[in-house]
Protein chains: 2
Amino acid sequence: MQSLDYSHIKNLDDWKNKIFCGDCLEVLQNFPDASVNLIVTSPPYADSRRSTYGGIHPDNYVEWFLPIAKELQRVLRDDGTFILNIKEKAVNCERHTYVIELILALKKQGWLWTEEYIWHKKNCTPGKWSNRFRDAWERCLQFNKQKKFKMNQDAVMVPTGDWAKTRLNKLSDNDKIRFNSQVGSGFGKNIANWVGREMAYPTNVLHLPTECSNKSHSAAFPKSLPTWFIKLFSDEEDIILDPFLGSGTTCVAAYELNRNYIGIEIKEEYYKIALANLDAVKVPFVQNSLF
Amino acid sequence: MQSLDYSHIKNLDDWKNKIFCGDCLEVLQNFPDASVNLIVTSPPYADSRRSTYGGIHPDNYVEWFLPIAKELQRVLRDDGTFILNIKEKAVNCERHTYVIELILALKKQGWLWTEEYIWHKKNCTPGKWSNRFRDAWERCLQFNKQKKFKMNQDAVMVPTGDWAKTRLNKLSDNDKIRFNSQVGSGFGKNIANWVGREMAYPTNVLHLPTECSNKSHSAAFPKSLPTWFIKLFSDEEDIILDPFLGSGTTCVAAYELNRNYIGIEIKEEYYKIALANLDAVKVPFVQNSLF
DNA sequence: ATTAAGATTGAATCAATTA
DNA sequence: ATAATTGATTCAATCTTAA
């Protein structure tokens with residue numbers, strides 16, 4: 001991995017819209033205070049196997065995560081939000097408790113545990129075992145620094161009624177995202193202007209498919225997940241941070257929504273994939289500007 | 001409330017298919033060890049309002065529940081299951097932590113936290129607040145005494161594929177339950193025999209509507225919720241216990257599935273409603289026997 | 001153009017096996 | 001014993017190809 005020294009970087013413009021390859025704990029220490037509007041991330045899951053990504057043992061998960069959370073707290077703006085996508089493993093026929101212990105520890109650290117959104121994975125990994133069914137949901141824990149935080153509820157409204165069932169269901173998710181990225185400021189909102197039918201506020205249950213692409217890297221979460229939270233908890237031109245970037249999904253979503261992004265990824269292999277994925281979404285816009 | 005003395009009751013047959021009005025901690029102390037196959041309950045939610053059902057303050061919830069859980073552990077059979085339907089309130093713009101603290105405390109008490117099922121409330125009550133959306137899900141925590149427990153996965157299989165989408169969706173939930181209660185041994189299983197199409201195992205996310213019919217009780221769950229867990233974690237003739245019976249939903253579900261039930265309800269008002277609801281489902285069978 | 005049918009792909013989990 | 005690895009299990013949503 002490349003050696004990193006960010007001490008020469010003075011202001012935030014030098015950080016915006018870049019992704020970094022390095023340990024997020026080290027990289028974050030060079031960030032200015034209260035500079036980020038929204039953190040959306042899916043950290044490496046606890047796993048006893050060494051060979052896999054990260055490889056943090058469940059029993060050590062909280063102590064590993066807390067110093068990072070402290071830095072996240074420092075760099076987050078006071079009205080900012082921290083979204084943590086996580087789910088505990090089943091270990092020895094039991095759900096491990098490291099996630100709920102982490103919630104308690106983060107509260108001790110000063111975070112407010114504002115809400116727990118549920119990501120219902122519509123097409124989750126199949127499997128059948130003697131004592132449990134497929135795990136079809138993950139937690140999206142919302143933490144804040146203070147009770148008042150930025151929240152654009154209208155940006156994630158969803159169409160209701162017959163029109164939604166007859167027309168919208170025929171659009172694939174790719175179509176929705178493609179359309180959304182073209183107009184830039186939220187699918188639901190534009191549909192509302194478009195047709196003028198009823199819109200409703202969503203609940204704290206998100207029905208999203210797991211990304212089923214044929215890419216080499218396994219996508220941690222579908223792009224629609226960070227997209228939803230970015231629309232909800234940030235404005236355009238805000239700064240979105242993902243300290244465990246993986247293949248770059250959060251930054252791609254932020255870019256397509258006209259937000260500034262900062263990504264950190266420790267594994268050079270995934271860092272390169274993230275770079276490539278970001279390049280891929282930027283290309284069409286460059287081509288358009290040449291016309 | 002009526003004065004209760006159960007010390008004269010010697011064997012389990014004197015308890016089966018009865019509901020009791022009293023404090024479940026006291027009533028349970030008269031139960032024999034290892035006598036119950038499945039516990040399904042939705043305890044009074046923590047609430048600072050005195051006027052409502054129970055009225056346990058969030059900060060005292062764990063210490064209030066633990067002695068009861070100890071009795072539940074004693075009366076549950078070794079291969080039995082304890083399903084706890086619960087959801088923490090938002091207090092002071094934050095999710096309270098009493099539920100996750102309860103999970104940790106129950107583990108210390110010797111329970112295994114086997115799984116967390118999600119009840120997604122399909123038609124939850126509308127509402128919108130400045131800092132959160134509608135709460136459309138509740139936890140169904142599964143606890144066990146040992147790793148091996150009774151689980152009838154086939155009993156809750158669901159139809160798959162086109163057939164499920166085109167046909168089954170047209171049946172109302174009432175139709176499904178009515179059919180189920182007539183045949184007695186599981187809706188999914190019978191559909192399988194009926195049509196011979198593919199069946200799939202469900203996930204740990206349950207999509208059930210909130211019951212609108214039962215207006216008398218405040219925190220009622222839909223009958224389909226205990227029905228699902230009773231099918232999954234018990235056989236016919238097994239004993240199902242609900243120590244916080246409310247309006248009697250669990251016992252009605254157990255009765256309709258040919259299980260034996262035991263219910264305990266502290267409030268005489270709800271106890272009477274539960275009695276009436278049980279009478280109501282038993283009446284048609286009495287009438288039939290007179291033909 | 002639309003639809004139908006076949007192929008593909010999983011941040012999974014556990015029992016059994018091996019180091 | 002304990003820890004790591006392998007094999008068996010399972011199916012909805014996409015994607016691909018054919019009709």
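Reminder, nothing fancy here: chain letters follow the sequence lines and each chain counts from 1.
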With pairs defined as Watson-Crick or G-U wobble and both distances under 3.5 angstrom, please note down DNA chain D as a dot-bracket string, | for pairing with another strand. .||||||||.|||||||||

For [X] and [N], give me the distance from atom [atom1] to atom [atom2], rounded to whole Å.
| X | N | atom1 | atom2 | answer |
| --- | --- | --- | --- | --- |
| A/Y270 | C/dA11 | OH | C1' | 10 Å |
| A/E94 | C/dA12 | CD | P | 20 Å |
| A/E265 | C/dA11 | CD | C1' | 13 Å |
| A/H207 | D/dA13 | NE2 | P | 12 Å |
| A/N92 | C/dC14 | CG | C1' | 10 Å |
| A/K121 | D/dT10 | NZ | P | 19 Å |
| A/K267 | C/dA11 | NZ | P | 16 Å |
| B/Q153 | D/dC11 | CD | C1' | 14 Å |

Fit a plane to each ring of [X] and [Y], take the angle between them on a 0 to 90° scale, and name the class: parallel (under 30°), tilted (30 to 60°) or perpendicular (over 60°).
| X | Y | answer |
| --- | --- | --- |
| A/Y261 | A/Y255 | perpendicular |
| A/Y61 | A/Y98 | tilted |
| A/Y117 | A/F233 | perpendicular |

Of all the choices, [options], which nucleotide is nearest to the side chain of [X] once you look at every atom?
| X | options | result |
| --- | --- | --- |
| A/K122 | D/dC11, C/dC14, D/dA13 | D/dA13 |
| A/S130 | C/dA11, D/dA12, C/dA15 | C/dA15 |
| A/K128 | D/dT10, C/dA11, D/dA12 | D/dT10 |
| A/W129 | C/dA15, C/dT13, D/dT10 | C/dT13 |
| A/D135 | C/dG10, C/dT13, C/dC14 | C/dT13 |
| A/A90 | C/dT13, D/dC11, C/dA11 | C/dT13 |
| A/K89 | C/dT13, D/dC11, C/dC14 | C/dT13 |
| B/A200 | D/dT10, D/dA12, C/dA11 | D/dA12 |

Is A/N131 close enough to C/dT13 that one of its side-chain N or O atoms is under 4.0 Å from OP1 or OP2 there?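 For C/dT13, OP1/OP2 do not have a side-chain N/O of A/N131 under 4.0 Å.
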
Side-chain N or O of A/R134 closer than 4.0 Å to phosphate OP1/OP2 of D/dT10: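 No, because none of the side-chain N or O atoms of A/R134 sits under 4.0 Å from OP1 or OP2 of D/dT10.
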
Is any N or O donor-acceptor pair between the side chain of A/T125 and the base of C/dA11 shorter than 3.5 Å?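 By the distance-only test, no, there is no pair.
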
I want to check something: taking the side chain as every heavy atom from C-beta on, are B/L102 and B/L84 in contact at a cut-off of under 4.5 Å?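 When only atoms from C-beta onward are counted, B/L84 and B/L102 do touch, with a gap below 4.5 Å.
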
Partner set under side chain to side chain contact (heavy atoms under 4.5 Å, CB included) for A/E116, not counting sequence neighbours: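 By the side chain to side chain contact (heavy atoms under 4.5 Å, CB included) rule, A/E116 matches A/W113, A/I118, A/W137, A/R139, A/L141, B/E88, B/W137, B/R139.
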
Sequence neighbours excluded, which residues qualify as side chain to side chain contact (heavy atoms under 4.5 Å, CB included) partners of B/Q73?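 If we apply the side chain to side chain contact (heavy atoms under 4.5 Å, CB included) test to B/Q73, skipping adjacent residues, the hits are B/K70, B/Q109, B/W111, B/K145.
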
Face-on cation placement of A/K231 at A/W228 ring, 6.0 Å and 45° thresholds: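 Verdict for A/W228: no cation-pi partner in A/K231.
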
Is it true that B/R77 and B/D238 have a side-chain N and a carboxylate O under 4.0 angstrom from each other?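 Salt bridge: no.
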
Distance check, C1' atoms only: C/dC14 and D/dA12, in whole angstrom units.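 To the nearest whole Å, 22 Å.
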
Both A/R95 and A/P126 contact DNA chain C. Taking the nearest nucleotide for each, which residue is further toward the 5' end?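 Nearest-nucleotide comparison on DNA chain C picks A/P126.
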
Here's a test of your reading of the structure: between A/C93 and A/E138, which maps to the more 5' nucleotide of DNA chain C?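 Mapping each residue to its closest nucleotide by heavy atoms, the 5'-most match is A/E138.
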
